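Here the structure comes first, spelled out in structure tokens, and everything after it is commentary.
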Amino acid sequence: MGSNTILDIIGSSILGGILLLILFRVHSANSDGVFEYNAELMVQSNLVAAVQILEHDFRKIGYCRNWDSIPNPGLAFLSANRHNITFRSDIDNDGDIDAVRYYVGDVSELGSTPHPNDRKLYRQINGEEPQDIAIGLTQFDMKYFTSLGDSLPVPVANLGQIHTIQIDITLENTFAVAERYTDSMKYATAFWRQIRLASRNLSNR
């Protein structure tokens, strides 16, 4: 076997090895991209579902099908804090006043997930069994404003002054995924802010 043939075999082997390594890298990058995309899609879908429920309820603060059951919408709020709120509303449109409470659960409830700071967002009607409407919650903050746009300190002492609410929600995936082109891990994140959400019933004062 000539030296040229041996050199050709060695060159082909080296070239084949390089191409194989490139193929493995491309496959790995594609797999990481799929995992990252699915994680982001999941957390965004969870956020949309939670926001739809929350917006529906908050826009009905002070509402009742029998309008004279809440003659003063300024009394619609029962408590208002940074991470929790309770208000009156005919949430199921049956003519009866309901007490609706939103609050954040404790970190220890999700001790089984790898994320160190995730929580649940709870929705409770009339003191019944609370429903978790969001898992992977890392932020649920509310700010309250008067009709003139002045910020109210929390907990709000004079609940009748509340006219609009700013809501910030952040959800993160409970499992971290590898970032493409790096060795670091990250949690897929989705953020939503409602600036000055107002129930139209609060204007009827």
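Side-chain atoms are counted along with the backbone in the values below, which use heavy atoms only and exclude waters and symmetry mates. These numbers were taken from a predicted model, which means no experiment stands behind them.
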**Message:** Membership question, hydrophobic clusters at under 4.5 Å side-chain separation (ILVMFWY): are W192 and V43 in the same one?
**Reply:** yes
**Minimum heavy-atom distance between E172 and T189, given as atom pair plus value** = CG-OG1, 3.5 Å
**Message:** Using a 3.5 Å distance criterion without hydrogens, assess whether the side chain of S89 forms a donor-acceptor pair with backbone atoms of K60.
**Reply:** yes
**Request:** Nearest 0.5 Å please: distance from the CE atom of M42 over to the CD1 atom of I135.
**Result:** 11.0 Å
**Message:** With a 3.5 Å distance limit and no angle check, can you tell me whether R88 reaches the backbone of A99 through a side-chain donor-acceptor pair?
**Reply:** no
**Request:** Can you sort out the partners of D141 under salt bridge (Lys or Arg N to Asp or Glu O under 4.0 Å), two or more places apart, ordered by chain and number?
**Result:** R82
**Message:** Applying a strict under-4.5 Å side-chain criterion to I, L, V, M, F, W and Y, I'd like to know whether Y63 and I91 cluster together.
**Reply:** no
**Side-chain heavy-atom pair L137, I169 within 4.5 angstrom cut-off** = yes
I'd like a table of donor-acceptor pairs (distance under 3.5 Å, sequence neighbours excluded) in which one partner is a side-chain atom from residues 49-57, with atom names and distances.
residue, atom, partner, partner atom, Å
D57, OD1, R123, NH2, 3.4
D57, OD2, Y102, OH, 2.6
D57, OD2, R123, NE, 2.5
D57, OD2, R123, NH2, 3.2

**Prompt:** What do you reckon, are the aromatic ring centroids of Y144 and F77 less than 6.0 Å apart?
**Reply:** no
**Request:** Using the side chain to side chain contact (heavy atoms under 4.5 Å, CB included) rule, take F191 and Q139 through it: C-alpha gap first, then chi angles, then the decisive distance, then the call.
**Result:** CA-CA 9 Å; F191 173 77; Q139 179 188 24; 3.5 Å; yes
**Item:** Residues that R196 engages under salt bridge (Lys or Arg N to Asp or Glu O under 4.0 Å), provided they are two or more places apart
**Value:** none
**Fill in**
Looking only at heavy atoms, the pair that brings A80 and V154 closest together is O-CG1, 4.5 Å
**Request:** Apply side chain to side chain contact (heavy atoms under 4.5 Å, CB included) to L78 and L159, showing your working.
**Result:** CA-CA 7 Å; L78 299 175; L159 298 169; 5.5 Å; no
**Asked** What are the two closest heavy atoms between N66 and G95, and how far apart are they?
**Response** ND2-O, 3.3 Å
**Q131 side, atom CD; E129 side, atom CD - distance, nearest 0.5 Å** = 9.0 Å
**Prompt:** Is R193 salt-bridged to D168, going by a charged N under 4.0 Å from an acidic O?
**Reply:** yes
**Message:** Would R101 pass as a cation-pi partner of Y103, given that its NZ or CZ must be under 6.0 Å from the six-membered ring centre and within 45 degrees of the axis?
**Reply:** yes
**Asked** F145 pairs by side-chain contact (heavy atoms from CB on, under 4.5 Å) with which of T164, I165, L152?
**Response** T164
**For D118 against G136, the heavy-atom pair lying closest together** = CB-CA, 3.8 Å
**Prompt:** Just by modelled atom types, is the D96 backbone N or O under 3.5 Å from a matching donor or acceptor in the D94 side chain?
**Reply:** yes
**Message:** If you compare all heavy atoms of S79 against all heavy atoms of I85, which two are closest, and at what distance to 0.1 Å?
**Reply:** O-CG1, 3.4 Å
**Message:** Has D132 got a side-chain atom pairing as donor or acceptor with K120's backbone, closer than 3.5 angstrom?
**Reply:** no
**Request:** Dump the intermediate steps for side chain to side chain contact (heavy atoms under 4.5 Å, CB included) on I162 and V156, then the final yes or no.
**Result:** CA-CA 8 Å; I162 300 175; V156 180; 4.1 Å; yes
**Message:** Please tell me whether Y122 and N84 have a donor and an acceptor in their side chains that are separated by less than 3.5 angstrom.
**Reply:** no
**Item:** Side chain to side chain, F58 and I167, heavy atoms closer than 4.5 Å
**Value:** yes
**Flag, side chain of H83 to backbone of F140, donor-acceptor distance under 3.5 Å** = yes
**Request:** Would you check if the side chain of D98 reaches a backbone N or O of N126 as a donor-acceptor pair within less than 3.5 Å?
**Result:** no
**Item:** Candidate pair T138 and R119, rule side chain to side chain contact (heavy atoms under 4.5 Å, CB included), full reasoning
**Value:** CA-CA 6 Å; T138 56; R119 303 185 180 195; over 6 Å; no
**Fill in**
For D90 and C64 the tightest heavy-atom approach is CB-CA, 3.4 Å
